[in-house]
2 protein chains.
Amino acid sequence: MAYRNTPEDENVAYAAYLRGEQLLQPGLLLLLARRPMHGYELIQSLNRLSFHPEECDPATVYRNLRRMEDDDLVRSEWQAGESGPARRVYHLTAEGDRLLNMMAANAQRRRKQLEAFLTLFADTRLDNGGVPSNKPPLREEETKTQ
Amino acid sequence: MAYRNTPEDENVAYAAYLRGEQLLQPGLLLLLARRPMHGYELIQSLNRLSFHPEECDPATVYRNLRRMEDDDLVRSEWQAGESGPARRVYHLTAEGDRLLNMMAANAQRRRKQLEAFLTLFADTRLDNGGVPSNKPPLREEETKTQ
DNA sequence: TCCTCTAGTTGCATCATGCATATATCTTTA
DNA sequence: TAAAGATATATGCATGATGCAACTAGAGGA
């Protein structure tokens with residue numbers, strides 16, 4: 001059977017958002033689920049939070065926000081800042097909220113995948129102090145249950 | 001302070017491998033840490049294992065293996081198969097083994113990031129049944145501890 | 001003979017990222 | 001007052017990885 005990655009079910013909308021391994025888009029939607037924020041503020045928050053690896057690129061954040069707005073996951077209005085230049089304040093749409101739920105489900109799956117990897121890693125290191133050995137093929141406990 | 005992603009410390013070697021969010025490369029190295037395998041077999045194993053999201057693209061796997069060989073993480077020899085065409089059998093190098101350790105450490109960090117995200121998600125959904133509300137700014141419990 | 005499974009490779013389009021850079025406003029400091 | 005710096009958003013470009021199609025090729029079965 002040939003390899004195909006395109007999902008067969010018709011839940012293809014936003015598939016690209018669910019495919020991503022990063023927590024940038026989920027993080028943005030999650031923050032916006034708490035309260036409306038503007039881009040610069042979102043960047044600050046993401047950098048303070050522990051679910052983004054390093055400091056995130058502002059350009060990437062802004063571009064992601066615009067794309068999400070194109071896809072009707074968020075909407076924005078310009079708002080004069082109390083100080084500094086005007087801000088584009090984003091808020092979540094119903095669609096965005098639904099997608100956030102799916103992203104969270106995704107994150108759970110992903111966490112399980114990471115745990116499976118780490119378990120197998122620990123198992124591999126257990127009886128084998130770095131010396132290559134001939135492990136038997138994977139057993140059922142390590143079998144796909146996704 | 002301007003955004004920069006380039007790591008300042010001199011552990012830059014293989015940084016690209018540690019930056020990736022996917023478990024493809026870690027999975028390959030982990031399987032090879034158990035015993036030498038050829039590409040097709042690795043693909044089968046990855047597809048049976050639970051740490052890869054969907055069926056993985058053979059082309060991507062093969063190309064990753066070649067790149068890893070270029071980077072001296074694995075080495076390969078051709079081996080006549082008992083049946084079917086010849087196989088390129090890969091085994092892990094010392095470098096690859098060291099990188100695998102770093103990838104595992106990375107995976108731990110990412111798991112924590114996912115947990116932080118899921119925790120904040122649960123907290124956000126707790127007192128707020130989907131209705132947008134004005135959450136206060138993030139508190140110290142949600143602050144970066146990476 | 002034809003088909004399928006096994007096994008590996010290459011080309012190509014696409015997409016997202018990282019980084020540099022540009023812009024504009026407001027505040028602070030020299 | 002002028003320069004510098006923080007705030008705030010946006011665009012251009014190179015790079016790199018992926019997804020998919022297509023191709024080669026051997027071995028075994030119908």
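Lettering of chains follows the sequences in order, A, B, ..., and the numbering in each one begins at 1.
In this structure, the nucleotide among C:dG18, C:dA16, D:dT9 sitting nearest to the side chain of A:Asp57 is C:dG18. Distances were taken from every side-chain heavy atom of B:Tyr90 (C-beta onward) to each of C:dT9, D:dA17, D:dA8; the shortest belongs to C:dT9.
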- request: Using a 4.0 Å heavy-atom cut-off, write out nucleotides 24-30 of chain C from 5' to 3' as B (base contacted by protein), S (sugar-phosphate only) or - (no contact).
  value: -BS----
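Contact check on B:Arg63 versus B:Asp57 returns no salt bridge, with no Lys/Arg side-chain nitrogen under 4.0 Å from an Asp/Glu carboxylate oxygen. The existence of a salt bridge linking B:Glu77 and B:Arg87 is excluded, since no basic side-chain nitrogen approaches an acidic carboxylate oxygen closer than 4.0 Å.
For the pair A:Leu28 CG and C:dT17 P, the computed distance is 10 Å after rounding to whole Å. Regarding B:Arg88, its CZ atom lies at a distance of 19 Å from the P atom of D:dT24, rounded to whole Å. Here the P atom of nucleotide D:dT18 and the CG atom of B:Leu23 are 12 Å apart, to the nearest Å. D:dG19 atom C1' lies 11 Å from atom CD of B:Gln22, rounded to whole Å. Rounded to whole Å, the distance from CE on A:Met37 to C1' on D:dT9 is 16 Å. If you take OH of A:Tyr62 and P of D:dT11, they are 12 Å apart, rounded to a whole angstrom. Note: OH (B:Tyr40) to C1' (D:dA27) measures 13 Å, nearest angstrom. Here D:dA17 presents its P atom at 8 Å from CD of B:Gln25, a figure rounded to the nearest Å.
Here A:Thr60 does not reach the OP1 or OP2 of C:dT17: none of its side-chain N or O atoms lies under 4.0 Å away. OP1 or OP2 of C:dT17 sits under 4.0 Å from a side-chain N or O of A:Arg67.
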Please tabulate, one pair per line, each protein N/O and nucleotide N/O from nucleotides 12-15 of chain D that are separated by under 3.5 Å, including the distance.
| residue | atom | partner | partner atom | Å |
| --- | --- | --- | --- | --- |
| D:dG12 | O6 | A:Arg63 | NH1 | 2.9 |
| D:dG12 | O6 | A:Arg63 | NH2 | 3.0 |

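Counted by atom type alone, A:Asn101 and A:Arg98 present zero donor-acceptor pairs between their side chains at under 3.5 Å.
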